Amino acid sequence: GNSVTQMEGPVTLSEEAFLTINCTYTATGYPSLFWYVQYPGEGLQLLLKATKADDKGSNKGFEATYRKETTSFHLEKGSVQVSDSAVYFCARWTGNQFYFGTGTSLTVIP
Amino acid sequence: GAGVSQSPSNKVTEKGKDVELRCDPISGHTALYWYRQSLGQGLEFLIYFQGNSAPDKSGLPSDRFSAERTGGSVSTLTIQRTQQEDSAVYLCASSLDSGSGKTQYFGPGTRLLVL
């Protein structure tokens, strides 16, 4: 089948800690992969994306690499800030549909 | 330029009533999507419109749900005979087209509560 599985939260980190949020997918073919972020009180917005194997998406200090061999697209940031507190959604695009993970809530404490 | 807008922002209704949720996509975006986000769940795809083509309704959970898109722009999602399990945030998104990797821009959502 087609699905996206991401690490369950909530995740709480201290400021400047290293962040990893795991995401794996199952799909036929070669989907495009995305991370969306939802800040408190705001709508979903694209954080980064990768459209083919070995591509690395990056934005705002976040990175994720499309790993076909492990069917993964883990989100990483070397030093989180309080302003990164949000819910992060991994997603894949195949055909005409986006499939989203259940979201991982991140809280960064000063 | 305005983003995707949705109305109402909040809707409280009684079980059994019909509700209409509206989405105004970004001007020029030909693709429009509806999703449902329930508490603790991911985004559930509901329906997708691309230009003048017949919509992809494969995600609609029951025949109580329907959607239309007039003039290739504004879309209305209708839920008939609402049930308590319909309570969720309904999100609309639009994109330039449906090609692989096209970025979707999301509206703020409509919070629906069915009592």
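Chain letters run A, B, ... following the sequence lines, proteins first and then strands; every chain starts at 1. These numbers come from a predicted model, not from an experiment.
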Proximity breakdown for L46(A) and chain B, heavy-atom pairs closer than 4.5 Å = side chain
Classify the ring geometry between F106(B) and F100(A) as parallel (under 30°), tilted (30 to 60°) or perpendicular (over 60°).
-> perpendicular
Name the orientation class of the two ring planes belonging to F73(A) and W35(A) (parallel below 30°, tilted from 30 to 60°, perpendicular beyond 60°).
-> parallel
Should D86(B) and R64(B) count as side-chain neighbours, where that means a heavy-atom distance under 4.5 Å?
-> yes
Name the region of E44(B), side chain, backbone, both or neither, that has any atom closer than 4.5 Å to a heavy atom of chain A.
-> neither
Interchain contact, Q38(A) with chain B, by part (heavy-atom threshold 4.5 Å) | side chain
Please state whether the rings of Y48(B) and Y33(B) are parallel, tilted or perpendicular, taking 30° and 60° as the class boundaries.
-> parallel
